[in-house]
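Below is one structure; the comments refer to it alone.
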Amino acid sequence: MISLEMSNPFGLDGKLALITGGASGIGEATARVFSEAGARVLIVDLDAERARAAAETIPGGEARGCDVTDEEQVRKLFESIPALDILVNCAGIGMVGGIEETELREFQRLFRVNVDGTFLMTRAAIPLLRRVRGSVVNIGSVAGLVGIKRRFGYCATKGAVIAMTRQLAVEYPTQIRANCIAPGTVDTPFVDGYLEKYHREEKDKVRQELNERQPLGRLGKPEEIARLALYICSPAADFMSGSVITIDGGWTAG
Ligand code: NDP
């Protein structure tokens, strides 16, 4: 029998969600979708001005500048947050290169943002999330599940994000829910930046190749990832923890 207890099993009424990387791309879309679902959202991003600009367009949106790799900044940020229901770790950067092209400094920078940042934010949020059986959503990538040519460092960081998610689910089985979304390529400034940096002369051609890499024949939309994050954080997904969910146009199905 279907329970009638939940008024809206897919809503986030009254919840407070912190979204890192919330000033751009998937994070910004997530802030918007969560707000539409009834949550108050706190956008956290490197650039405080951009975070504020994004928050101003979202009802109930607030913003804070914070470098998620900086332990002191993260500590200060959480001093001003008395309660939290949802943490979405979305801040992340990319890097192109096989192992022999990868400089240690670049590799470490990638780990600082994608792995240390997720670690520091989650560690700071756990005491608040445990009080309310809150939810952590890590934005991983298919790169953490399958090898992608010339993405040595990036694949390594996203593998770590998946491993951290599963460990949290095991460590706190009843106190929090921790899940990871593994998107394929999504049309955001992250991809624009990649095309500009590595393929300035042939952007259209490479964009087409990115479309074709996914059997569905197109890039994902940030809103599509955001709606999956909404489902994961909603009461409807109460039984979901430790899951790694691909959303990749069929990329990893083959
Ligand atoms: P965007 O570049 O559009 O957004 C990422 C945001 O994170 C930016 O606003 C960026 O700020 C911010 N950020 C970077 N470093 C830090 C930091 N140290 N502290 C706080 N904020 C920071 O990327 P996407 O929305 O595309 O990507 C979001 C996440 O999704 C990333 O983790 C990415 O790896 C992952 N992902 C993306 C895919 C894609 O194809 N787009 C596919 C699979 C996963 P700034 O711009 O100032 O650097």
Side-chain angles (χ1 to χ4, degrees), residues 18-33 42-55 63-74 76-77 87-96 108-122 124 137-146 148 151 153-162 164-165 180-198 206-207 209-211 213-214 216 218-226 228-229 244-249 251-252:
L18 189 166
I19 299 157
T20 72
S24 178
I26 295 169
E28 185 178 1
T30 302
R32 209 167 291 287
V33 164
L42 177 58
I43 289 178
V44 169
D45 211 290
L46 208 45
D47 184 333
E49 260 321 301
R50 274 180 53 215
R52 254 190 295 280
R64 299 268 202 293
C66 175
D67 180 344
V68 297
T69 71
D70 185 319
E71 191 169 13
E72 187 54 20
Q73 287 189 33
V74 171
K76 282 216 175 94
L77 170 71
L87 170 68
V88 181
N89 285 306
C90 194
I93 58 171
M95 191 186 87
V96 172
Q108 288 172 335
R109 192 172 91 85
L110 207 60
F111 264 82
R112 273 186 67 74
V113 180
N114 296 359
V115 181
D116 297 11
T118 299
F119 155 57
L120 289 173
M121 287 297 298
T122 308
V137 176
N138 291 328
I139 307 299
S141 166
V142 292
L145 293 168
V146 296
I148 302 175
R151 299 291 186 280
Y154 188 66
C155 286
T157 62
K158 292 302 184 178
V161 169
I162 289 171
M164 287 192 289
T165 310
C180 182
I181 297 179
T185 308
V186 182
D187 201 354
T188 71
F190 184 92
V191 172
D192 298 335
Y194 157 75
L195 292 172
E196 180 63 30
K197 185 168 176 189
Y198 296 98
V206 175
R207 187 173 267 280
E209 286 167 10
L210 293 179
N211 286 333
R213 184 162 67 172
Q214 314 196 102
L216 217 69
R218 66 168 174 87
L219 301 188
K221 299 173 191 158
E223 298 72 27
E224 291 172 320
I225 313 306
L228 176 55
V244 179
I245 306 113
T246 56
I247 173 161
D248 63 1
W251 182 348
T252 55

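Remember, it's 1-based here, ligands and their atoms both numbered in the order they're listed. Quick note: numbers below take in every heavy atom, side chains included, and nothing from hydrogens, waters or symmetry partners.
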If you scan protein heavy atoms around atom 1 (P) of ligand 1, the nearest is Ser24 OG, 3.5 Å
Among protein heavy atoms, which lies nearest atom 44 (C) of ligand 1, and at what distance? Gly140 O, 3.1 Å
Taking distance alone, with no angle check, do Ile26 and ligand 1 share an N/O pair under 3.5 Å? yes
Starting from atom 28 (C) of ligand 1, what is the nearest protein heavy atom, named by residue and atom, and what distance separates them? Cys90 O, 3.2 Å
For Val186, is at least one N or O under 3.5 Å away from an N or O on ligand 1? yes
Short N/O distance, under 3.5 Å, between Thr69 and ligand 1? no
I want to confirm something. Looking only at heavy atoms, which of Glu28, Arg50, Gln73 is nearest to atom 46 (O) of ligand 1? Arg50
Of all protein heavy atoms, the one nearest atom 5 (C) of ligand 1 is Gly92 O, 4.0 Å
Do any nitrogen or oxygen atoms of Lys158 come within less than 3.5 Å of a nitrogen or oxygen of ligand 1? yes
closest protein heavy atom to atom 12 (C) of ligand 1 is Asp45 OD1, 3.4 Å
More than 12 heavy atoms of other residues, nucleotides or ligands under 6.0 Å from CD of Glu209: is that the case? yes
The closest protein heavy-atom partner of atom 22 (C) of ligand 1 is Ala91 CB, 3.6 Å
Is it the case that ligand 1 has an N or O less than 3.5 angstrom from some N or O of Val44? no
